[in-house]
Structures are given as C-alpha cells and as structure tokens.
Amino acid sequence: MSKLSRASKVVKKVDAGNVIRAIVRSGQAAPGPPLGPILGQRGIPIGQFCKEFNERTKEIKEGIPLPVKIMVNPDRTFELKINMPTVSYFLKAAAGVEKGAGRTGHELAGMVTLKHIYEIAKVKSQDESFQLQDLSLADVCKSLIGTSQSLGIKVVRDLNAEEYARFQEQREEQLKAEASSLEAAAAKKK
C-alpha cells in the first residue's frame, strides 16, 4: 500500500458528521427532546452537556436562542462553541414582536429603523459566521434587511413611537379578527 493511499484512508476516516449544530435557549438546556436524542445517538453524556451549557450561559438573559456547535470527539467527549443570538431574535426584539409574519409579503409583523439594523449589524459582524465570509458592515446590513423582509418586518428610515403604537394596535386587532374567522370556519366544518 502506497503512502498516498494510506493518507487518503486517514483523510476519509475524519467524519464531518461529528459536528452537531443546534439552537438552544440560554439557561434552558434539558435532557429531553429535541436535544437529548441527538446527543444520546452520538454517545455524549447528556447531563454533563446540559450542566456545562447552562453554566456557560448563566450570565445571559434566560430564554435567548443561541446557535451552538458541538464537536464530538472519538472518545465521546465534546467541545462546545456558543455563538451570539440569532439575527431573527435581534430583529424581533427590536420590532417588539414575538414571531414573524405568517404570510410573508402579505402582512407586516412589525417595523425597525435603519439605526436598529446598523446596531444589530455591529453586533453580528463580530459573529464567526460573518467573519468567515469577510463581509463588510454594509453587506451585513443588507443581509439583515433581507432577513427582516423574510420575517415580515419592514425597515423604515424614521419611526415615531405613537405611530408604531398605532400600528401595533391595528396588528393586534387584525390577528384577533383572523383567529375568530378561523374558529368560525372550523366550527362550520363540524
């Protein structure tokens, strides 16, 4: 067997499937689904992972979704890399909404200003995913604007507090009307 073929076999043995990517809420890692079965299949001690994750995220406000990368070693140990909160979390928090639009392009879930986009971009440009792509701050802002559009969040230059309060009231009334019409349609089917 030549050195080249031995080297290629060694390279083939490196398994890219030993990296688990997940989004876990800070301080809320628990051994149950969906995280428990994924870790259990790889032979990672679930209790140890939950304890370490919760300990490392205790300084962060509880419940914030954090992208996590878990590198599994052959001896069933792991390395844990915790990234910054997701872009969608920042955008929804800035817009003051709990979830994005149900029908993107047809309804608005909220609004953010360009200043919000810029501030979020400054934070997210420090994130590993944006640094690996070597994106400028302007490109990160464009990416954030695209994500906000997919969430149904409108980006505006200026936003008056009273104007936005009026928008949120109208949005609540619209959601209640849609919910009641869906209930009425479901009652007719029975």
Side-chain angles (χ1 to χ4, degrees), residues 20-30 32-35 53-54 56-69 81-189:
I20 302 170
R21 288 185 167 89
I23 295 179
V24 184
R25 296 194 174 275
S26 61
Q28 296 179 351
L35 196 58
F53 178 83
N54 290 337
R56 287 178 57 182
T57 60
K58 70 180 179 187
E59 301 296 322
I60 302 171
K61 181 180 170 188
E62 191 169 315
I64 294 176
L66 300 170
V68 176
K69 192 185 290 183
K81 172 124 178 69
I82 302 171
N83 292 325
M84 291 182 202
T86 59
V87 169
S88 60
Y89 168 78
F90 282 128
L91 288 169
K92 289 186 284 189
V97 295
E98 289 183 26
K99 64 180 204 170
R103 298 181 305 141
T104 306
H106 298 285
E107 64 181 73
L108 276 178
M111 291 188 261
V112 294
T113 63
L114 287 173
K115 184 176 181 179
H116 287 122
I117 295 290
Y118 177 74
E119 293 297 326
I120 295 169
K122 282 190 345 188
V123 171
K124 286 303 282 184
S125 65
Q126 305 302 315
D127 201 353
E128 178 186 2
S129 59
F130 287 111
Q131 285 182 341
L132 288 175
Q133 296 175 14
D134 196 30
L135 295 175
S136 68
L137 197 58
D139 290 336
V140 175
C141 287
K142 288 177 187 176
S143 173
L144 291 174
I145 290 171
T147 303
S148 67
Q149 289 172 345
S150 70
L151 287 170
I153 296 174
K154 184 178 180 180
V155 179
V156 295
R157 278 199 189 283
D158 296 316
L159 190 59
N160 186 341
E162 293 129 18
E163 203 178 299
Y164 193 63
R166 222 174 309 119
F167 166 79
Q168 285 183 320
E169 288 172 12
Q170 291 171 351
R171 171 92 173 127
E172 285 294 321
E173 291 171 10
Q174 180 185 7
L175 289 174
K176 286 178 185 175
E178 286 178 10
S180 63
S181 66
L182 286 174
E183 289 174 7
K188 284 184 181 180
K189 287 183 181 180

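Predicted model, so just to flag it, every value in this text is computed and none were measured. Heavy-atom basis, side chains included; hydrogens, waters and symmetry copies ignored.
- You'll find the side chain of Thr104 stays beyond 4.5 Å of the side chain of Leu151, heavy atoms only.
- Other residues, nucleotides and ligands place more than 12 heavy atoms under 6.0 Å from the CD atom of Gln133.
- Side chain of Ser143 to main chain of Asp139: no donor-acceptor pair is present (N/O by atom type, distance under 3.5 Å, no hydrogens or angles).
- In this structure, Lys122 and Glu119 have side chains that are in contact, with non-hydrogen atoms separated by less than 4.5 Å.
- If you take OG on Ser125 and CD1 on Ile120, they are separated by 12.0 Å, rounding to the nearest 0.5 Å.
- Judged by distance alone, with hydrogens and angles left aside, the side-chain atoms of Lys115 form no donor-acceptor pair with the main-chain N or O of Asp158 at under 3.5 Å.
- Shown here for Tyr118 and Cys141, the closest heavy-atom pair between the two residues is CA-SG, 4.2 Å.
- Pro67 is linked by a side-chain contact (heavy atoms from CB on, under 4.5 Å) to Asn83, Thr86, counting only residues two or more places apart in sequence or in another chain.
- Applying the side-chain contact (heavy atoms from CB on, under 4.5 Å) criterion to Arg21, with sequence neighbours excluded, gives Val19, Lys69.
- The minimum heavy-atom distance linking Ala109 with Gly100 is given by the pair CB-C, 3.8 Å.
- In this structure, Phe53 and Leu66 have side chains that are in contact, with non-hydrogen atoms separated by less than 4.5 Å.
- Distance alone, capped at 3.5 Å, is enough to place a donor-acceptor pair between the Ser26 side chain and the Ile64 backbone.
- For the pair Gln126 and Gln131, the minimum side-chain heavy-atom distance is below 4.5 Å.
- Phe90 approaches Lys124 most closely through the heavy-atom pair CE1-CD, 3.7 Å.
- Note that the CG atom of Leu108 and the CZ atom of Arg171 stand 8.0 Å from one another [nearest 0.5 Å].
- For the pair Gly27 and Asn54, the tightest heavy-atom approach, listed with the atom from each and the gap, is C-OD1, 3.2 Å.
- A search for side-chain contact (heavy atoms from CB on, under 4.5 Å) contacts involving Val156 returns Met111, Thr113, Lys154, Leu159, not counting sequence neighbours.
- The structure places CG of Leu114 at 6.0 Å from CD1 of Ile145, a figure rounded to the nearest 0.5 Å.
- Leu91 and Val112 make their closest contact through O-CG1, 4.0 Å (heavy atoms, listed as atom of the first residue, atom of the second, distance).
- Contact between Ile23 and Pro65 at its shortest, heavy atoms only, is CG2-CB, 3.7 Å.
- Interatomic distance, CG of Leu35 versus CD1 of Ile20, reported as 8.0 Å (0.5 Å rounding).
- Gln170 is not listed as a side-chain neighbour of Gln174, based on a closest heavy-atom distance of 4.5 Å or more.
- Side chains of Glu128 and Leu132 form a contact here, defined as non-hydrogen atoms less than 4.5 Å apart.
- Distance check, rounded to the nearest 0.5 Å: CZ of Arg25 to OG1 of Thr57 gives 12.5 Å.
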